[in-house]
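Let me begin by presenting the structure, written as structure tokens, before commenting on it.
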Amino acid sequence: MMSVVRGETHATEYEAVIGFEVHVELATATKLFCSCPTTFGAPPNAHTCPICLGHPGMLPLLNERAVEYALRATLAFGCEIERCVRFDRKQYFYHDLPKAYQISQIHAPIGRNGSLTIDVGGRSKVIRIREIHLEEDAGKSIHLLGDGDNATLIDFNRSGIPLIEIVTEPDISSPEEARAFLEELRLTILYLGISDVRMEEGSLRADANISVRPKGSPVFGAKVEVKNLNSISGVERAVAYEIERQISLLRRGERVVSETRRWDEDLRRTFSMRQKFGGFDYRPIHEPEVVPYVLEESYIERIRAELPELPKERRRKFQETYGLSAYDAGVLTANRELSDLFEAGVREGAPPKPLANWLMSEFLGYVNERGLAVRDVPITPRQWAELLALIENGTISTNIAKAVFQRMAESGRDPREIVEAEGLVQIADPKALREIVDRVLAANPKSVEDYRKGKEKALGFLVGQVMRETRGKAHPELVNQLLREALGEPGGA
Amino acid sequence: MDGFSVLAWRSRLASGEATPEDVARHYLEAIAARDPEIHAFLLVREEAREEARNLRVEDRQTLPFFGIPVALKDNFLTRGVRTTAGSRILETYVPPVDATAWKHLALGGAVLLGKTNLDEFAMGVSTETSAFGPTRNPWDLTRTAGGSSGGSAAAVAAGFTPLALGSDTGGSVRQPAAYTGIVGFKPTYGLISRFGLIHMAASLDTVGVLANTVADAAYTFVHISGSDHKDPTSFGKLPPAFANQLAEIQRLAYPARVERLHALLSRGFSGVKVALVREFLGDGVSPDVRIAIEAAARRMEELGAHVEVVSIPELKLASAVYAVVMTAEAASYLGRFDGVRFGLRVPAGDVDTLSTWTRSQGFGWEVKRRILFGTYVTLSESFVDLYERALRARRFLAIRLEALFADYDLLLGPTTPTTAPALGAAGDLDPVVELTQDLLTIPANLAGLPAVSVPAGRGSDGMPVGLQIVGPRYSDLDVLAFAFSWEEARPLEARPPFGGKIMELSSREGGNE
Ligand SMILES: [Zn+2]
């Protein structure tokens, strides 16, 4: 039986309570209420018009594609759907907020009460999603501080870009879970095709609400909001740091202040931004300029029917149907295009396990080395199936196949065509190989002697020499067998 | 009396009896001669003459507004032409686009004479909150021409233009029309695009027409109404019969469409069921006005209308609901004027101060008062009590009025409780009293109903009295038809004099009478 020192346990065991507010920029071609483009990286204020600059007399024109994207997300996360699409104004003054209000859904978020299941350490956990709502983004301010000569520059390119905000219940309790949640969320959104979810470009922005409390306590601790999280590993580090910071404050008998803190990735710590004095009053009013409309049941059903397979389902399928390991299924599905490619290859007849190996090692290596996307490599699923068939039936060796792959990746040519044109067919004729083996043995008496003395390594050298003579085309196992035959057993003479 | 009506000009211009340049010159001269006293205009466009000259003569039959001069309330955006909304904060604002209502007129061949005075951001009842000074009533220069479309109303009444556009959020077209003895029409909410109208309160704002005759108002209305892809609130689901009538008139070539419009409007009173609203004639309505309206109702009855006195106690809600909804939306809308992107900028060391100083110096007292009120009613502690309850009461009132229209075709009452008050009087009024006066006009805005003010006689002070006719949503042509019949039937002395001096000026052009 374990002995527990009561006082100490009481003081040292804390649990973290974490919730997220995630803003996802929707990948619509135009903004939420005007036809300005949403492409990233344009010169400041290039993508603006009187509507998104808040000129008087302008009226917002709702981008229905954004509503469709938001609806996809609400369906994917199993939310209840608000059938009447309507908006409110969230009012506050800020120089990069052109209308002094943000058009958002305060009273009627498009989705409520959904969830996302994550896997951490082989255990599943359901993270509840409180709501998903649509809103427009604000612009971006840059404050220049000079010697008494301050300036504020504002870029309104982002003003009016459609966002969905996903708000979770405080169901996350560790940095690992925080990471798993954001990774799964990011992947799901990527599969939905509604955002490119690039954290570094701000198309996915996460704010974490973190508090700690004595384990089992029904009361929540003081809540700290951590902003400026711009990578998933940053989120994990920030959450870990903040939990530690709060626990050590409590251990010292100090108080955690409810505030907003900024994560500094370089210094790997959080800094206080501002205290929160109660809730901020947005003085919401109904948006009178955007006409509410009802989502027809048939429309919702169509969007539901068009939902892609989500990563969770696909991972399960990869394991159950294709017999892949959980790890392999995870790697392949972590990239939607890659998993699509895999499935297409299997449909063309490629054996699943070898194809998975090829994609994960050679292919991903090639893509990552060159900084390419999956779609940038011109190898079709049919060509993959063909390449694997050539290996399977012994036409080429695995080594040759690697070279063939490189050529396919560069040219998009068929593997058979490459193999024939370059004479890469494997030499599996024992008579032809025996001649070469004899020649190699004659040329390397030292190695022959070493092998006979029991140095197994010498055999490897001799195999290598044969392969070199045949420019890699010799069937490796056959070469091995022929050499052993010719040399007799090591140490046997 | 139709000598200066849009349709009369239309006929002369189409036949070549008058040229667009003649017409433009006639009005510009009238403005030059008398507007310094009246101050209907904030900006007069001498370019109008040249633009009129440049109209292509071959378009004179087909363009519905060929050579017709028009004045726009200065809260309609006019591309390349300064638009101030009567405020310092927009004193130098030159908009990048045209308001859709104006665009319809411009594409129809209309010529822009200038921009007319208004209460700052349309907030007021007398144009006295305009940052550029008040407009005077052409009938009596010591009196107000009303507001907030006072400049547009005075311009029509003074003979400076045959046609002007205004905006009506709580009566801003009808009340000045009544004070200046002309026709002021506010359509069903959403029927005329509000794109390019600097709002006051988006859920209440409508584009209105000010003209000398009902037929002119109707002619203008049918041409500038319809859905606009730039204004989603203009996509109404129109009753098919009404939509067909509109489309038919819009399609027909001139002069057939004028004849068709006349045929459509000449329905007479026979069989029309009218509710004379008791609350519209209650305390605070002057005896002069009451007498004129009751006389009008009697005359209509003689001519075949069925008039009944009806009580709608719920109208008492109107002022309070309006005060909350209007100020909440107005305060919200005005947040964008922060000195950052357009309009006035008062330089300061940092952006917060810049916005504070710009707003502090750029807005007048009435605007500030409404911003404070609107901010208060939306604060979270008052939110549930005031704003949400106001929205519920608004729906309640709209439903009540709709139910009434099951039994009656139209509602009748005065447009204003008194004839035009003296200038300066409005400033002395308790703001609450000011809002109470709006009881007559506000219900139509809260419920989105069409309403028109037509002259109904004169008070003992010789000033015009306005009769208001309100119909159910999308009964715009019925409301106008009824007003048209009244215009035909009303006693001659009730007709406005079209600003005596101006008559002499215009007679120089010849062929006008
Ligand atoms: Zn834009």
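Throughout, protein chains are lettered first and strands after them, A, B, ... in sequence-line order, and every chain is numbered starting at 1.
Nearest heavy-atom pair across Ile194(A) and Ile164(A) is CD1-CD1, 4.2 Å. Of all the heavy atoms in Pro162(A) and Ala66(A), the pair that sits closest is CB-CB, 3.9 Å.
Under the 30°/60° scheme for interplanar angles, the aromatic rings of Phe342(B) and Phe337(B) are found to stand perpendicular. Ring-plane geometry between His286(A) and Tyr387(B) is classed as tilted, the angle between the planes lying from 30 to 60 degrees on a 0 to 90 degree scale.
Electrostatic pairing of Arg83(A) and Glu296(A) does not count as a salt bridge here, judged by no charged N lying under 4.0 Å from a carboxylate O. Note on Asp137(A) versus Arg158(A): salt bridge recorded, some NZ/NE/NH1/NH2 to OD/OE distance being below 4.0 Å.
Tyr93(B) and His55(A) have their aromatic ring centers within a separation under 6.0 angstrom. Two rings, from Tyr101(A) and Tyr92(A), have their centers 6.0 Å or more apart.
Of the atoms belonging to Val351(B), heavy atoms from both backbone and side chain fall under 4.5 Å from chain A. Both the backbone and the side chain of Asp352(B) come within contact range of chain A, each with at least one heavy atom under 4.5 Å from a heavy atom of that chain. Contact annotation for Leu354(B): neither backbone nor side-chain heavy atoms come within less than 4.5 Å of a heavy atom of chain A. With a 4.5 angstrom heavy-atom cutoff, Glu289(A) touches chain B via backbone and side-chain atoms both. Proximity to chain A is limited to the side chain of Val97(B), based on heavy atoms less than 4.5 angstrom apart. Contacts of Ile51(A) with chain B are absent, with no heavy-atom separation under 4.5 Å from either backbone or side chain.
Inspection of the Glu366(B) and Thr129(B) side chains reveals no N or O donor paired with an N or O acceptor under 3.5 Å.
Per-residue counts of heavy-atom pairs under 4.5 Å with chain B were compared for Pro98(A), Pro56(A), Gly54(A), Ala100(A); the largest is that of Pro56(A). Most heavy-atom pairs under 4.5 Å with chain A, from the set Ser332(B), Pro96(B), Ala85(B): that is Ser332(B).
For the pair Lys90(A) and Tyr282(A), the cation-pi criterion (under 6.0 Å, within 45° of the ring axis) is fulfilled.
Residues of residues 188-201 of chain B lying within less than 4.5 angstrom of chain A, judged on heavy atoms, are Tyr189(B), Arg194(B), Phe195(B), Gly196(B), Leu197(B), Ile198(B), His199(B) in numerical order.
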